[in-house]
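The basis for the numbers below is simple: all heavy atoms, side chains too, and nothing from hydrogens, waters or symmetry mates.
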Amino acid sequence: MDAGNKWMELTGKAGYAVLAALCSAVCIMGYYPLVPAFYAVSCMDRKKNILMYIGLFAGMGFCMKPGAVIKYLFVLLVLGIGIRFYIWANRRCGGWVAAIIAGIASAGMNCSGMALTRLERTELVMGLSEGVIVFGATILLHYLLHMASEYGRTLFPEPGKWEMAVSEPVFMQDTTGRIHAFAEAVDELSVAFAAMGSRTQMSEYESVAVLEREIVDRHCSSCSACTSSCVRRMLQAVVAHHSKEEILNRKYMEECPRYSQMVEEAVSAFSRMELNEAWYKRLRENRLVIAQQLDAMSDAMQDWTKGRKCLDRESRPLLARVAFEAREKGLIAYDVHIYEDENKRRCVSAMVKSKWGGGIPSKNYRKAVERAMGMAMRLQKDARSILTVDAVPITVYEDTCFYALSGVAAEPKDGMRVNGDNFSLFTREDGRYHICLSDGMGSGPAAGKESDMVVDLMQKFIEAGFPGDTAIRIMNSAMVLKGENESYSTLDFAELDLYTGELELTKIGAAASFLKHRQEVTCLSCASLPAGVDASYEGEPLHAKMTNGDFLVMVTDGVLEYLHVKNPENKLSEMISDIKTDNAGVLADTLLEHVMLFTGGHALDDMTIVVTGIWEK
């Protein structure tokens, strides 16, 4: 592998030597403009190439007159010092900068030589023209040579560095198949658990029949004093939860000598049946919860198999362009890969480092990728801000069309130091902005703990890559399993696509939300139980479209319940419409102040308002 790398490197150096000799042979009206142009391009490469110097000097000695050789040696000396000094000062040198230095060095050398003898106008024009030709030739050679070099790397990856470009599609297909098979197995397991919990609760008639068989077989098999209808009426009273004293006083079986004993045993047997049914019900619920979680996991894994499509094979020129533009910014980008998701949005991943040391802002790499891809891009959230000689992985995503900002206003219940509401605001790399708001049952630290658990679970599931609906189902089933002290929390969850402005709003026991478009306010609401009450939650999300300058207002129950008006949703809509501002924080604070005016300045419950605005970039 090392021998292969050395052989490829030696071949590249030999190729540069041949090009240097050929450039020395190109003469235009007594000038050799390709010599300084080619040398300027070579100076921008950090690698030392003795063969290139040998080829250059050999070509100059063979093709040029002694006076021209001396002249161009001075040009190359000035040119090399100028480029190296610029690199030392700025830690980068692009093709345009090298071309300017080469053009000035060539023109300056011509003019200074003429000034020592006799400055003629024709020779001055020719000398300056050579500088212009050197400038253009440098840019052309720089682009052709370095783009050819980067494109060659995409066609013939270096062993040990670029295996991923070749082996990745096979690896991805194998992994995708295994995940898909595992998802199908989990889905079948989910169906099996759901079938285990399909047993229904016994009806009143079935309960009476079971008790009748047990009581009659034990006490009435050798006695014919009572009719079966009398026994059944007594057992129906037991199943109807009549008190034992009431059943004894009614004397459904007047002639039965064991009546009191039969009533005692019937009440005891029915209590056991109820306890067993309660345990069976809890077991059924737990099985359904596990089935829900397994089903959600299956959906998530099926979603992961979609993944991103690798475009390396059909985008080799783009890969080379990314590496070339990064070089222009003083950076080295290798292991470059281009991916496309199911929505045709692209991202570029690469290992990036500084070419000449020092620190270079990572935004320079983003700008390089933008030039190469021809579209606006954004860095990953945790990207290193300064790039050094240590290579780091960086992913750049196609930029969104919108950006979102949120403002929050909150007030705890009077007498409480802790607000029982919790919220979370975060953006995923896929360009979706998430708003999660939860209202815990009651108020104070206990309610805050419950709502914090809901918000924390949702954020962790979403950041782990679960789709929104899957994360909600898993979170809801987890709250059902927890079920301590019958404590529940609401969930108000919004997903905002910053590429299209599409809004998806899911409510589990949450208060109404409001969408403000200019002066028009739309109420978004639906009826549902709080999180953790029903394991089989299958609620449909609400959908809306947000455009530039729109606001989404999400509130907890405490904001609406104590407005003391007939229709609180309409009243809050009027308040939102009357507030004139383009600031999400100001809108939240002002709205809470207006609500407090209706409550007499008292917070009778925890109040939280989350306002999110969207604007075009």
Could you work out, with salt bridge (Lys or Arg N to Asp or Glu O under 4.0 Å) as the rule, every residue matching Arg432, not counting sequence neighbours?
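Salt bridge (Lys or Arg N to Asp or Glu O under 4.0 Å) check on Arg432 returns nothing, list empty.
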Are more than 12 heavy atoms from other residues, nucleotides or ligands located less than 6.0 Å from atom CZ of Arg384?
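It does not: Arg384 CZ has 12 such atoms or fewer within range.
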Sub-3.5 Å donor-acceptor pair from the side chain of Arg345 to the main-chain atoms of Thr400, do we have one?
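A pair under 3.5 Å: no.
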Walk me through whether Lys516 and Val553 qualify under side chain to side chain contact (heavy atoms under 4.5 Å, CB included).
CA-CA 8 Å; Lys516 181 180 182 182; Val553 182; 5.5 Å; no
If you measure from CG on Leu524 to CG on Leu503, what distance do you get to the nearest 0.5 Å?
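With rounding to 0.5 Å, CG (Leu524) is 7.0 Å from CG (Leu503).
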Rounded at 0.5 Å granularity, tell me how far OG in Ser385 sits from NZ in Lys363.
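Output value for this atom pair is 10.5 Å.
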Lys507 side-chain N/O to Ala511 backbone N/O, donor-acceptor pair under 3.5 Å
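Yes, Lys507 side chain to Ala511 backbone: donor-acceptor pair under 3.5 Å.
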Please determine whether a side-chain nitrogen of the Lys or Arg among Lys329 and Glu325 lies less than 4.0 Å from a carboxylate oxygen of the Asp or Glu.
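Salt bridge absent between Lys329 and Glu325.
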Would you check if the side chain of Lys381 reaches a backbone N or O of Thr427 as a donor-acceptor pair within less than 3.5 Å?
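Answer holds: yes.
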Steps toward side chain to side chain contact (heavy atoms under 4.5 Å, CB included) verdict (Thr556, Thr490):
CA-CA 9 Å; Thr556 54; Thr490 66; 5.8 Å; no
Checking side-chain hydrogen bond (donor to acceptor under 3.5 Å, both in side chains) against His434, which of Gln459, Glu463, Glu495 comes through?
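Running side-chain hydrogen bond (donor to acceptor under 3.5 Å, both in side chains) over Gln459, Glu463, Glu495 with His434 returns exactly one hit, Glu495.
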Inspect the surroundings of CZ in Phe423 and state if more than 12 heavy atoms from other residues, nucleotides or ligands are less than 6.0 Å away.
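Incorrect, the count does not exceed 12.
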Does the pair Lys545/Glu502 count as a salt bridge with the N-to-O cut at 4.0 Å?
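Yes.
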Backbone of Met377 reached by a side-chain donor or acceptor of Glu370 within 3.5 Å:
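At least one qualifying donor-acceptor pair exists.
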Measure the shortest side-chain to side-chain distance between Tyr339 and Thr395 over non-hydrogen atoms and say whether it is less than 4.5 angstrom.
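Side chain of Tyr339 against side chain of Thr395, heavy atoms only: no contact under 4.5 Å found.
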Measure the CE-CZ distance between Met373 and Arg371 for me, rounded to the nearest 0.5 Å.
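So the gap between those two atoms works out to 14.5 Å.
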With a 4.5 Å heavy-atom cut-off, do His594 and Thr590 have their side chains touching?
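Yes, their side chains come closer than 4.5 Å.
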Go through the side-chain N and O atoms of Thr608 and Asp421 and say whether any donor and acceptor fall under 3.5 Å apart.
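Their side chains do contain a donor-acceptor pair, which is all the 3.5 Å distance test asks for.
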Can you check whether Arg346 reaches Leu311 side chain to side chain, under 4.5 Å on heavy atoms?
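Yes, at least one pair of side-chain atoms sits under 4.5 Å.
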To the nearest 0.5 Å, what is the distance between CG on Asp492 and OG on Ser438?
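Going from CG on Asp492 over to OG on Ser438, the span is 9.5 Å.
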Taking side chain to side chain contact (heavy atoms under 4.5 Å, CB included) as the test, write out the residues that go with Trp615, two or more places apart.
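Counting only residues at least two positions away or on another chain, Trp615 forms a side chain to side chain contact (heavy atoms under 4.5 Å, CB included) with Tyr403, Leu405, Asn548, Phe551.
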Gln380 backbone acceptor or donor facing Glu429 side chain under 3.5 Å
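Such a contact is absent between Glu429 side chain and Gln380 backbone.
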Should we count NZ of Lys617 as having more than 12 external heavy atoms under 6.0 Å?
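Count over threshold, so yes.
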Is it the case that the side chain of Ser573 and the backbone of Glu569 share a donor-acceptor pair, with hydrogens and angles ignored and the cut-off at 3.5 Å?
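Here the side-chain-to-backbone pair exists.
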Between Val322 and Tyr365, does a side chain to side chain contact (heavy atoms under 4.5 Å, CB included) hold up when you go through it step by step?
CA-CA 9 Å; Val322 169; Tyr365 174 67; 4.2 Å; yes
More than 12 foreign heavy atoms under 6.0 Å from CD of Glu520: is that the case here?
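Check fails, neighbour count at 12 or below.
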Positive for side-chain contact (heavy atoms from CB on, under 4.5 Å) with Met607, one of Asn419, Val555, Leu560, Thr599:
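Running side-chain contact (heavy atoms from CB on, under 4.5 Å) over Asn419, Val555, Leu560, Thr599 with Met607 returns exactly one hit, Thr599.
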Could you tell me whether Lys580 atom NZ has more than 12 heavy atoms of other residues or ligands within 6.0 Å of it?
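Yes, NZ of Lys580 has more than 12 neighbouring heavy atoms, counting only those of other groups under 6.0 Å.
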Under 3.5 Å, is there a donor on one side chain and an acceptor on the other for Ser406 and Thr612?
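Present: a donor and an acceptor within the cut-off.
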For the atom pair SG (Cys347) and CG (Asp430), what is the distance rounded to the nearest 0.5 Å?
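Atom-to-atom, Cys347:SG and Asp430:CG are 11.0 Å apart.
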Spatial distance of atom OH (Tyr499) from atom CZ (Phe402) [nearest 0.5 Å]:
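That separation rounds to 12.5 Å.
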Return yes if some donor-acceptor pair links the side-chain N/O of Asp312 with the main-chain N/O of Ile338 below 3.5 Å, else return no.
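Yes, the answer is positive, given that a donor and an acceptor are paired below the 3.5 Å cut-off.
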Regarding Glu574 and Lys571, does a basic nitrogen lie under 4.0 Å from an acidic carboxylate oxygen?
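A salt bridge is present here (some side-chain N lies under 4.0 Å from a carboxylate O).
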Step-by-step side-chain hydrogen bond (donor to acceptor under 3.5 Å, both in side chains) determination, Asn422 to Ser451
CA-CA 6 Å; Asn422 272 286; Ser451 60; 2.9 Å; yes
Salt bridge between Glu328 and Arg321, side-chain N to carboxylate O under 4.0 Å?
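The answer is no: the pair does not qualify as a salt bridge.
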Heavy-atom neighbours of Lys460 NZ exceed 12 at 6.0 Å
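Counting neighbours around NZ of Lys460, 12 or fewer heavy atoms of other residues, nucleotides or ligands fall under 6.0 Å, so no.
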